[in-house]
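Read through the structure below, which is laid out as structure tokens, and then see the notes.
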Amino acid sequence: MSMNQKVVNAIRILSAEGVQKAKSGHPGMPMGAAAMAYAVWGENMIHTGNDPQWDNRDRFVLSSGHGSMLMYSLLHLFGYGLTMDDLKSFRQFGSKTPGHPEYKHTVGVETTTGPLGQGIANAVGFAMAEKYLAAKFNREGFPVVDHYTYCILGDGCMMEGISHEACSLAGTLQLNKLIALYDDNEISIEGDTDIAFREDVPARFRAYGWNVIDVKEGDHYEPICAAIELAKQSDKPTLIVCHTQIGYGSPKAGQASVHGEPLGEENLAATKKALGWPEESFCVPDEVYAQTAVSTGRGDAARAAWLKLMEDYAAQYPELAKEYEVWHSDELPVDLLNDADFWAFDKKAATRNSSGEVINRLAARIPNLIGGSADLAPSNKTNMKGKGDFSAETPDGANLHFGVREHAMAAICNGLKLHGGLRPYCATFFVFSDYMKNAMRMSAIMGLNVAYVLTHDSIGVGEDGPTHQPVEHLAGLRAIPNMIVFRPADSKEVAAGWYQAMKGDRPVALVLTRQDLPLYEKSGPAALKGGYIVEDSEKETPDVILMASGSEVEYCVGAKALLKEKGVDARVVSMPSLELFDEQDEEYKQSVLPAGVRARVAVEAASDMCWYKYVGLDGAVVAMNGFGASAPYKLLFEKFGFTAENVAEKAMAVLKK
């Protein structure tokens, strides 16, 4: 048995043992894909556990995240700090080896992969980032950005619609530094994939514009290494189809049962015997570690050469080198908070329009802003003037065209952010955030400050009707932990939302109107607290508090004037972000919503679910309790009760309780 084969078998056995000890997990995929993984990690990928985050490393994404023991075995064997005890703690509370790979939790994991298809879409984002940064910073003799993205994906990823979206775009963009290895074992949880999946995958990818290489002996690393060498010569992204056997080497090889359950002690012992492995549990011969150290040494040498290249680059291109540092810093290059021009607006505007203006202000101040829309840039107002379009022919353009691919768009933006060096945003109509939800949730889990521009925010969409009027979507996004939902009431609040998106470590959903909204004197940075007083009562303690987000703040302001005529003193509170408001200290929250004032009305042209914790048992909510309708938006607001008169009536009713 060669030393390389011993490493492959070590990956198989460690993966099976981790699952067996946990009595939970997926041993079949790691055992079948071990040769693929070694061909990447041991023979081709430039990486080192001595500096897992150096900029020019190759990236690896395990899109088949259920096979996480494959990832953990690799990280252990290749010196990323995972101990044998960590492998023995697979799927246990607080361990470094959770059931699916988690970014920031385990050193060496580039992205959190759980839902199938997210990983390959992230990988497309990594490859787009590499291509864009290379076009920006590379000069003749100085390939300072020059690395590959490798991704292992399986039948489940291939079936999920997001992979179709992402891989179609990758082919259009000719992302030739993307190499995907398809673990084609023809087994899913329910049995042979033939019961639900009979398409010609290679033909599909060729139609996308990919280079496709077929490897019949996918259980052996040598032909896969040869395929990777061919892939590196292509001017297209490459799919290497590896025909593998799930659970390779075990008595359950090729069976659906090996996908998602431990082998069992007897079968594990038989597997060790078949692969010529010691009977001792979690045993790895020293010569295996010596072999994997060869790859580490190659990575260390490449890193050292790159650091020297960067020194020479800084000497010859000092301005570019400084800009490179700015792009790769988490700190903003400008003080937006004290930049008066950033916050300046002088007239009514739809918040989607003012967002477009803010995007261009940011583009002039933050050079690594990159983003685009799902074929809706003219409506979403997301185009950056003078920044060019990113394409196969013009990889230095900062405006991204995702096509009608919302799900992949969001996941690709996660990949752009994870790569480093870029500040991504993406956009669509708010109602289509349903298609993006899974990837947005992954942004929140990973703590990625991706900006989601979601326009046409309510029944204010009007004539397009209920299919395009998002009534339940605010509640859905607000339910995601670590997600900031920001629905501005005016242009200055839009600037606050974008400021939050640029500076934080959480995703921000900017929910924007199609219709014009007025400006409020007290808005602006005050909105960063999530809720603040727009128009205060004349008395120290108001008779009633009117609160709203977005366009409905205007109806509260109008209702305040009507209530004054009736001798009722109202306070109006704008609540662009419930999450940010809830994070303020108790003193501030009481200054805005004093507990002693129980007469409260909340107004939002969406589901009422989020507002009862603010209005209490004595308050009322003016909201949507059904879908919208097709009509001019002004008529719809009137028909559904979003008027100053109705808000004032609700306030009077609350006061009479």
Side-chain angles (χ1 to χ4, degrees), residues 330 332 335-338 342-343 351 354-355 358 362 423 425 430 433 440-441 443-454 457-458 473-513 517 520 522-536 545-553 556 571-595 600 602-604 606-607 609-615 621:
D330 291 333
L332 288 175
D335 180 6
L336 291 176
L337 193 60
N338 295 301
F342 176 72
W343 298 92
T351 54
S354 48
S355 173
V358 172
L362 288 171
R423 296 178 181 272
Y425 66 86
F430 189 24
S433 64
M440 296 177 78
R441 183 172 183 269
S443 299
I445 287 175
M446 289 188 275
L448 306 178
N449 61 323
V450 175
Y452 293 98
V453 180
L454 305 169
D457 69 335
S458 70
H473 296 65
L474 281 167
L477 291 189
R478 286 169 178 160
I480 302 175
N482 209 41
M483 169 73 73
I484 296 174
V485 181
F486 208 100
R487 187 169 183 248
D490 75 352
S491 298
K492 290 184 285 183
E493 284 194 12
V494 170
W498 271 107
Y499 174 79
Q500 181 66 43
M502 290 295 100
K503 79 172 189 67
D505 57 358
R506 290 176 287 178
V508 174
L510 292 147
V511 183
L512 309 170
T513 67
L517 302 183
Y520 300 105
K522 295 180 180 179
S523 71
L528 294 170
K529 291 184 178 292
Y532 66 100
I533 300 169
V534 171
E535 290 197 9
D536 208 354
I545 297 174
L546 310 176
M547 65 188 84
S549 77
S551 54
E552 288 75 75
V553 171
C556 291
R571 169 181 290 176
V572 178
V573 174
S574 176
M575 299 276 281
S577 175
L578 309 189
E579 300 80 22
L580 292 177
F581 181 74
D582 288 347
E583 291 171 6
Q584 304 307 311
D585 60 43
E586 194 60 30
E587 181 182 1
Y588 178 77
K589 287 188 283 189
Q590 285 295 319
S591 73
V592 177
L593 301 177
R600 303 178 179 192
V603 188
E604 191 169 68
S607 166
M609 292 178 64
C610 304
W611 289 99
Y612 289 103
K613 65 178 177 179
Y614 302 110
V615 301
V621 182

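It should be emphasised that the depicted structure is a prediction, and the values quoted were computed from it without experimental measurement.
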### Query
Which pair of heavy atoms, one from Ala495 and one from Trp343, lies closest together, and at what distance?
CB-CE3, 3.7 Å
## Note on the structure
By side chain to side chain contact (heavy atoms under 4.5 Å, CB included), Ser458 pairs with (sequence neighbours left out) Arg487, Ala605, Phe637
### Arg571: partners by salt bridge (Lys or Arg N to Asp or Glu O under 4.0 Å), with sequence neighbours left out
Asp536
### Message
Please check: side-chain N/O of Asn449 versus main-chain N/O of Arg506, any donor-acceptor pairing under 3.5 Å?
### Response
no
### Task
Provide the closest heavy-atom pair for Leu580 versus Leu528 in the form atom of the first, atom of the second, distance.
CD1-O, 3.7 Å
### Query
So, the side chain of Asn482 versus the backbone of Ile445: is there a donor-acceptor pair under 3.5 Å, distance only?
no
### Message
Ignoring hydrogens and geometry beyond distance, is a side-chain donor-acceptor pair present between Tyr532 and Glu493 at under 3.5 Å?
### Response
yes
### Query
Between CD of Gln500 and OG of Ser577, what distance do you get to the nearest 0.5 Å?
7.5 Å
### Message
Going by the rule side chain to side chain contact (heavy atoms under 4.5 Å, CB included), which residues pair with Glu535 if we only count those two or more places apart in sequence or in a different chain?
### Response
Val557, Lys560, Val572
### Task
For the pair Val573 and Val534, evaluate side chain to side chain contact (heavy atoms under 4.5 Å, CB included) and give the outcome as yes or no after the intermediate values.
CA-CA 5 Å; Val573 174; Val534 171; over 6 Å; no
### Message
Checking Phe430 now: which residues fulfil ring-ring contact (aromatic ring centres under 6.0 Å, His included) with it, not counting sequence neighbours?
### Response
His473
### Message
Holding to ring-ring contact (aromatic ring centres under 6.0 Å, His included), I want the full list of residues that pass it with Tyr452, two or more places apart in sequence or in another chain.
### Response
none
### Query
How long is the gap from OG on Ser355 to CG on Leu512, to the nearest 0.5 Å?
5.0 Å
### Summary
All heavy atoms of Ala444 vs all of Ile480, minimum pair found to be CB-CG2, 3.7 Å
#### Entry: Minimal non-hydrogen separation, Ser551 against Thr513, with atom names
CB-CG2, 4.1 Å
### Ionic contact status for Lys589 with Asp582, cut-off 4.0 Å
no
### Query
Nearest heavy-atom pair of Val494 and Ser354: which atoms, and what distance?
CG2-OG, 3.5 Å
### Task
Rounded to the nearest 0.5 Å, what's the gap from OH on Tyr499 to CG on Leu336? Could you check?
7.0 Å
### Summary
Across all chains, not counting sequence neighbours, the side chain to side chain contact (heavy atoms under 4.5 Å, CB included) partners of Ala606 are Leu474, Glu604
### Task
Working to the nearest 0.5 Å, report the span between CZ of Arg600 and OH of Tyr612.
14.5 Å
### Task
Taking salt bridge (Lys or Arg N to Asp or Glu O under 4.0 Å) as the test, write out the residues that go with Lys529, two or more places apart.
none
### Summary
Closest heavy-atom pair, Trp498 versus Val453, reported as atoms and distance to 0.1 Å, is CZ2-CG2, 3.5 Å
### Message
Check whether Lys492 reaches the backbone of Tyr520 with its side chain - one donor and one acceptor, N or O, closer than 3.5 Å.
### Response
yes
### Task
Report the distance from atom CZ of Phe486 to atom OG1 of Thr351, rounding to the nearest 0.5 Å.
11.0 Å
### Summary
Sorted by chain and number, sequence neighbours left out, salt bridge (Lys or Arg N to Asp or Glu O under 4.0 Å) with Asp490 holds for none
### Query
Mind checking what makes ring-ring contact (aromatic ring centres under 6.0 Å, His included) contact with Tyr614, not counting sequence neighbours?
Trp611
### Message
Would you compute the distance between atom CG of Leu362 and atom OH of Tyr425 and round it to the nearest 0.5 angstrom?
### Response
9.5 Å
### Query
By side chain to side chain donor-acceptor pair (under 3.5 Å), which residues pair with Arg441, not counting sequence neighbours?
none
### Message
Among residues at least two apart in sequence or on other chains, which ones pass side chain to side chain donor-acceptor pair (under 3.5 Å) with Asp330?
### Response
none
### Task
Quick one: list whatever passes salt bridge (Lys or Arg N to Asp or Glu O under 4.0 Å) with Arg423, sequence neighbours left out.
none
